S.K.: 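Supplied in structure tokens, the structure appears directly below.
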Amino acid sequence: MSTYYLTDRVTRSLALTHTEVLSTVDLFVGMMEEATGVLKEAAAYCPSVSVMKKWLDDHPQEKEGCIHTMIQRKVTTELEKVVDEAICYMQRYNQIFLNEGHLLKALCKSNHPYWLSFVHECTIPIEKIAACTIYARNLARSLHDLSWSVRSNEIKRATYSEKEEVLAFIRTNFSREWAETVSEAFTNEVIPLFLAKKQTKLIGFAVYDTYEKRSQHFGPMGVLRSERKRGIGEQLVTCCLQDMKAKGYESVIFYEAGPIEFYEKVCGAELLSQ
């Protein structure tokens, strides 16, 4: 479990809960109270936080559970199951940060009586909340005020001679679909693909303008799990955005981004309305 982490948004949500034993409803209300990013959209569909907290006050807690190693809090048995399922979603997407989307996806699928009673009595619109929080979303960022200028020695533009190595790396560590998308980069005179290397070992990549050949679209991007939390992803994003600005692009679209908070933090990307 030590190789996994909580996003800042989830950490803030947990900090807003004050019960000794955390339940599914406590977690949900904490996320709605945090209300930034996709949670702001979700909270707009819900009753006020005070109304939801009153429901908590008026209803007994679920059966006491134990301390969950991932969130370092004592949780009910049902919330323990929800968090474990959320971790499975995170792992399925080859991610190491547990985010609000993973947790809400698991929560929305829960059929525990306590949770379902809360959803019914507080008229929580599960489908609307799921639509804005648990699926990949599009983000955008203007490039007019882009001022980053420092590039890491670890990041270089790909060359034609590296094509087979790069595509094999992506097929092995990510997916064949991503490899097919990235292969389009090598049809350009100036390759819109940047690589991260550790000495001579390929550890990450980022590309733009290749997904369905859509101009001004960033991605996909991937970094080996063993090399994450070192700022490599941020450097790859920076290099691509610098390159896009140099081409005269006015903005960038992060199409169907999964780690939404990552792009919000590293470059100030903002959610596009659905």
Side-chain angles (χ1 to χ4, degrees), residues 1-93 95-135 259-262 264-265:
M1 198 68 71
S2 60
T3 56
Y4 300 126
Y5 310 90
L6 303 176
T7 63
D8 289 346
R9 185 166 287 137
V10 170
T11 299
R12 291 193 300 268
S13 298
L14 289 168
L16 290 168
T17 63
H18 304 292
T19 54
E20 181 180 351
V21 182
L22 201 64
S23 72
T24 50
V25 179
D26 289 314
L27 175 62
F28 180 82
V29 175
M31 288 192 283
M32 296 306 102
E33 185 172 5
E34 197 278 341
T36 65
V38 295
L39 295 182
K40 181 178 181 180
E41 295 183 5
Y45 293 120
C46 295
S48 67
V49 170
S50 61
V51 167
M52 293 188 287
K53 285 186 174 180
K54 185 178 186 307
W55 188 94
L56 276 168
D57 291 339
D58 292 343
H59 292 76
Q61 281 278 9
E62 299 174 74
K63 188 176 179 180
E64 183 174 332
C66 58
I67 294 178
H68 197 290
T69 55
M70 182 72 192
I71 62 176
Q72 290 298 299
R73 290 280 296 276
K74 185 177 286 188
V75 300
T76 61
T77 302
E78 180 58 23
L79 182 56
E80 181 181 21
K81 294 176 183 177
V82 166
V83 175
D84 287 345
E85 185 171 357
I87 292 170
C88 289
Y89 293 141
M90 173 189 65
Q91 294 170 329
R92 189 179 305 166
Y93 300 136
Q95 297 171 353
I96 64 171
F97 281 90
L98 187 69
N99 64 37
E100 68 280 3
H102 304 136
L103 288 166
L104 284 169
K105 184 174 183 178
L107 265 177
C108 288
K109 290 187 174 185
S110 174
N111 59 3
H112 190 271
Y114 184 77
W115 167 253
L116 293 180
S117 177
F118 165 74
V119 169
H120 174 71
E121 294 178 27
C122 288
T123 60
I124 305 297
I126 290 297
E127 291 185 359
K128 290 182 178 180
I129 289 172
C132 67
T133 61
I134 73 175
Y135 302 111
I260 293 171
E261 190 174 347
F262 168 78
E264 291 174 332
K265 289 172 62 176

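If you're wondering where the values come from, they're calculated on a predicted model, not measured in any experiment. Index from 1, following the sequence.
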S.K.: If we count only N and O atoms by modelled type, under 3.5 Å, do the side chains of E121 and W55 hold a donor and an acceptor together?
M.R.: yes
S.K.: How about V119 and I126: do any of their side-chain heavy atoms sit closer than 4.5 Å?
M.R.: yes
S.K.: With a 4.5 Å heavy-atom cut-off, do R73 and T17 have their side chains touching?
M.R.: yes
S.K.: Write down the atom of G37, the atom of E264, and the distance for their closest heavy-atom approach.
M.R.: CA-OE2, 3.8 Å
S.K.: Go through the steps to decide whether L39 and L104 satisfy the test side chain to side chain contact (heavy atoms under 4.5 Å, CB included), and finish with yes or no.
M.R.: CA-CA 10 Å; L39 295 182; L104 284 169; 3.8 Å; yes
S.K.: Are I96 and T3 close enough that some pair of their side-chain heavy atoms sits under 4.5 Å apart?
M.R.: no
S.K.: By side-chain hydrogen bond (donor to acceptor under 3.5 Å, both in side chains), which residues pair with Q91, not counting sequence neighbours?
M.R.: Y4
S.K.: In Å and rounded to the nearest 0.5 Å, what is the OH to CG distance from Y114 to L56?
M.R.: 5.0 Å
S.K.: Which residues pass the side chain to side chain contact (heavy atoms under 4.5 Å, CB included) test with C132, sequence neighbours left out?
M.R.: E41, A42, Y45, R137, Q274
S.K.: When rounded to the nearest 0.5 angstrom, what is the spacing between CG in L107 and CH2 in W115?
M.R.: 4.5 Å
S.K.: With rounding to the nearest 0.5 Å, note down the distance linking NZ in K54 to NE2 in H59.
M.R.: 9.0 Å
S.K.: Looking at H120 and S117, would you say the former's side chain and the latter's main chain have a donor-acceptor pair under 3.5 Å?
M.R.: no
S.K.: For the atom pair SG (C46) and NZ (K128), what is the distance rounded to the nearest 0.5 Å?
M.R.: 10.5 Å
S.K.: Looking at every non-hydrogen atom in both residues, tell me the closest pair between L116 and S110 and how far apart they are.
M.R.: CD2-O, 3.7 Å
S.K.: Answer yes or no: is there a side-chain heavy-atom contact under 4.5 Å between I71 and L22?
M.R.: yes
S.K.: M70 pairs by side chain to side chain contact (heavy atoms under 4.5 Å, CB included) with which of D84, I87, V10?
M.R.: I87
S.K.: I'd like to check the side chain to side chain contact (heavy atoms under 4.5 Å, CB included) partners of T11; sequence neighbours left out, ordered by chain and number.
M.R.: L6
S.K.: I'd like to check the side chain to side chain contact (heavy atoms under 4.5 Å, CB included) partners of F97; sequence neighbours left out, ordered by chain and number.
M.R.: Y5, T7, K229
S.K.: Only counting residues at least two apart or in another chain, list the ones meeting side chain to side chain contact (heavy atoms under 4.5 Å, CB included) with K74.
M.R.: E20, V21, E64, I67
S.K.: With a 4.5 Å limit on heavy-atom distance, are the side chains of H112 and V82 in contact?
M.R.: no
S.K.: Could you list the donor-acceptor pairs under 3.5 angstrom formed by side chains in residues 26-36, with sequence neighbours left out?
M.R.:
residue : atom : partner : partner atom : Å
D26     : OD2  : T19     : OG1          : 3.2
D26     : OD2  : S23     : N            : 3.0
D26     : OD2  : S23     : OG           : 2.9
D26     : OD2  : Q61     : NE2          : 3.3
E33     : OE1  : K53     : NZ           : 3.1
E34     : OE1  : T36     : N            : 3.0
E34     : OE1  : T36     : OG1          : 2.9
E34     : OE2  : R12     : NE           : 2.7
E34     : OE2  : R12     : NH2          : 2.8
E34     : OE2  : T36     : OG1          : 2.8
T36     : OG1  : R9      : NE           : 2.8
T36     : OG1  : R9      : NH2          : 3.4
T36     : OG1  : R12     : NH2          : 3.4

S.K.: Would S13 and E100 count as having a side-chain donor-acceptor pair, cut-off 3.5 Å?
M.R.: no
S.K.: Is there a side chain to side chain contact (heavy atoms under 4.5 Å, CB included) between L14 and Q72? Walk through the geometry before answering.
M.R.: CA-CA 10 Å; L14 289 168; Q72 290 298 299; over 6 Å; no
S.K.: Atom CD in Q95, atom CE in M90: separation rounded to 0.5 Å?
M.R.: 8.0 Å
S.K.: Taking all atoms of both residues into account, what is the closest heavy-atom pair of C108 and A130, and its distance?
M.R.: SG-CB, 4.3 Å
S.K.: Between atom CD of E85 and atom CG of L103, what is the distance when rounded to the nearest 0.5 Å?
M.R.: 10.5 Å
